[in-house]
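Below is one structure; the comments refer to it alone.
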Amino acid sequence: MITNYAGISPKTDLQLIERLAAVLSGRSMLHVNSTRAGGGVAEILHRMMPLIQSLGITVRWEVISGDEYFFEITKKFHNALQGTAVEFHDDMWEHHVAVNTANASSLDLEADAVWIHDPQPAPLIAHRRGGLWVWRCHIDASEPQADVLHHLASFCRNYDASIFSVARYARFPGVPAFVIPPSIDPLSDKNRELSAGEIAATLQQFGIPPDRPMLLQVSRFDRFKDPLGVIEAYRLIKKYNDCILVLAGSSATDDPEGEQVLQEVHQHAAGDPDIFILLLPSASDHAINALQRAATVVLQKSIREGFGLTVSEAMWKGKPVIGGATGGIPLQIIDGQTGVLVHTIEGAAFRARQLLNNADMAHRMGRQAREYVRTNFLITRQIRDYLALWAVLMRGSTSPEEFVL
Ligand code: UDP
């Protein structure tokens with residue numbers, strides 16, 4: 001229930017959601033993506049759907065299916081949108097469309113508002129049977145390869161609007177673009193308050209000493225998250241400050257590179273007993289929550305990052321976060337205020353030492369971080385924005401200035 005967020009989310013967001021619900025109640029919303037589990041998109045939908053439903057709006061979620069080749073192609077789209085050079089052949093564009101055509105005949109695409117998530121189901125727009133259609137792109141598309149941009153744009157321009165997490169990602173011509181960043185749910189297992197006992201039990205479970213300053217990075221074992229850089233930064237810090245390093249990530253079974261990166265991380269750690277490399281099972285929300293709360297300083301030293309939900313998760317827990325100045329991280333971290341932005345390993349180490357040596361600075365930053373997340377990155381803000389966009393589009397206008405509730 002949205003009312004559970006009273007006293008947590010900004011009151012104005014809750015008031016606006018109430019007004020929007022009055023306009024939209026009785027209508028239907030459909031979300032379509034390509035996976036029901038795993039990844040930020042599925043995580044947010046799982047939390048958001050019951051909340052929107054509780055507002056009197058009927059919400060459904062459809063998942064498209066495809067063969068292995070289809071997902072190989074769409075993974076290539078992902079990489080090519082993020083700036084990696086990828087070679088495409090005509091049959092790839094055709095297969096992308098053909099799989100969507102097959103899905104269109106088995107899925108129920110009828111709703112007043114249809115939110116299509118990411119490139120995989122984008123061609124479904126050709127099978128629209130009424131309603132407003134919005135393309136919600138979660139990917140960093142700041143340096144798109146021309147051919148993939150051209151292919152996806154041919155679908156995008158038929159949507160009523162597009163949504164991106166960061167303004168720089170809105171590179172698709174011919175469709176009104178809106179910027180709506182993702183969000184975290186303060187009431188989920190990953191972010192709810194935990195007792196000191198719960199936190200201590202998690203540390204004990206992993207054999208992590210509770211009484212030493214702890215640096216933490218929570219991330220898939222992925223090169224773009226720079227886990228080796230984090231270990232190097234830790235070594236520079238360790239010359240002067242006693243601390244331990246925890247690198248927590250899940251087993252990346254869907255990512256062939258994940259296993260290799262994990263091995264490299266183990267090699268790089270070289271048996272240092274103060275480095276804890278945790279391979280977490282997929283349902284580890286409670287453990288991640290406890291680790292983030294136990295940390296003294298949280299790192300997210302990414303080299304590339306779509307948004308970086310882990311940053312907001314740690315900020316919400318009042319932690320000073322050192323983040324790579326990339327993707328959606330600078331949207332969350334105002335350098336020196338709500339966290340620290342860094343460009344190098346040396347920079348990360350220098351700033352971590354500053355925070356370890358200055359508890360007041362760390363607390364002040366953590367407090368500001370939490371307030372910044374409260375205002376900008378809680379799930380109620382995202383629901384507010386989604387409903388506002390829907391209501392605006394319903395009025396036949398894409399200009400929020402013209403819209404008066
Ligand atoms: N996460 C998790 N288990 C892990 C590693 C990460 O549940 O072992 C969660 C993390 O808490 C966050 C999400 O997965 O909610 C990762 O989102 P983010 O935007 O930080 O990075 P992505 O993995 O989408 O690149």
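Counting begins at 1 with the first residue of the sequence. Note that ligands are numbered from 1 as they come in the structure, with each ligand's atoms numbered from 1 the same way.
A cation-pi geometry, defined here as NZ or CZ lying under 6.0 Å from the six-membered ring centre and within 45° of its normal, holds between R370 and W316.
Using 4.0 Å as the threshold, G249 has a heavy atom nearer than that to some atom of ligand 1. Between G308 and ligand 1 there is a heavy-atom distance shorter than 4.0 Å. Note on ligand 1: Q300 sits outside its first shell, no heavy atom being nearer than 4.0 Å.
Ring to ring, W61 and H31 are not that close: their centroids are 6.0 angstrom or more apart.
You'll find the side chain of S219 stays beyond 4.5 Å of the side chain of F221, heavy atoms only. For the pair V340 and M365, the minimum side-chain heavy-atom distance is below 4.5 Å. Contact of the Q145 side chain with the F88 side chain is registered, since non-hydrogen atoms from C-beta on lie closer than 4.5 Å.
Considering backbone and side-chain N/O atoms, L309 comes within less than 3.5 Å of an N/O atom of ligand 1. Between S219 and ligand 1, no N or O atom pair is found at a separation short of 3.5 Å. Of the polar atoms of E313, at least one N or O is found under 3.5 Å from an N or O of ligand 1, judged by distance alone. No N or O atom of S282 sits closer than 3.5 Å to an N or O atom of ligand 1.
Residues D108 and R60 are paired through a salt bridge, judged by an N-O separation under 4.0 Å between the basic side chain and the carboxylate.
Of all atoms in ligand 1, numbered sequentially from 1 with element shown, those under 4.0 Å from a heavy atom of K225 are 21 (O), 22 (P), 23 (O), 25 (O). Close approach of ligand 1 to E305 (heavy-atom distance below 4.0 Å) involves ligand atoms 21 (O), 25 (O). Atom numbering of ligand 1 starts at 1 in the shown order; those under 4.0 Å from a heavy atom of S250 are 4 (C), 8 (O). Residue-ligand proximity, R220 to ligand 1, at heavy-atom distances under 4.0 Å covers atoms 22 (P), 23 (O), 25 (O).
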| request: Determine, step by step, whether L109 and V114 satisfy the side-chain contact (heavy atoms from CB on, under 4.5 Å) criterion, reporting the C-alpha distance in whole Å, the side-chain angles of both residues, the deciding distance to 0.1 Å, and the verdict. | output: CA-CA 8 Å; L109 296 176; V114 180; 5.6 Å; no
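Each of W135, Y159, F155 was checked for a ring pair (Phe, Tyr, Trp, His ring centres under 6.0 Å) with F172, and the lone residue meeting it is W135.
If you look at T310 next to ligand 1, the close heavy atoms, those under 4.0 Å, come from the backbone and the side chain alike.
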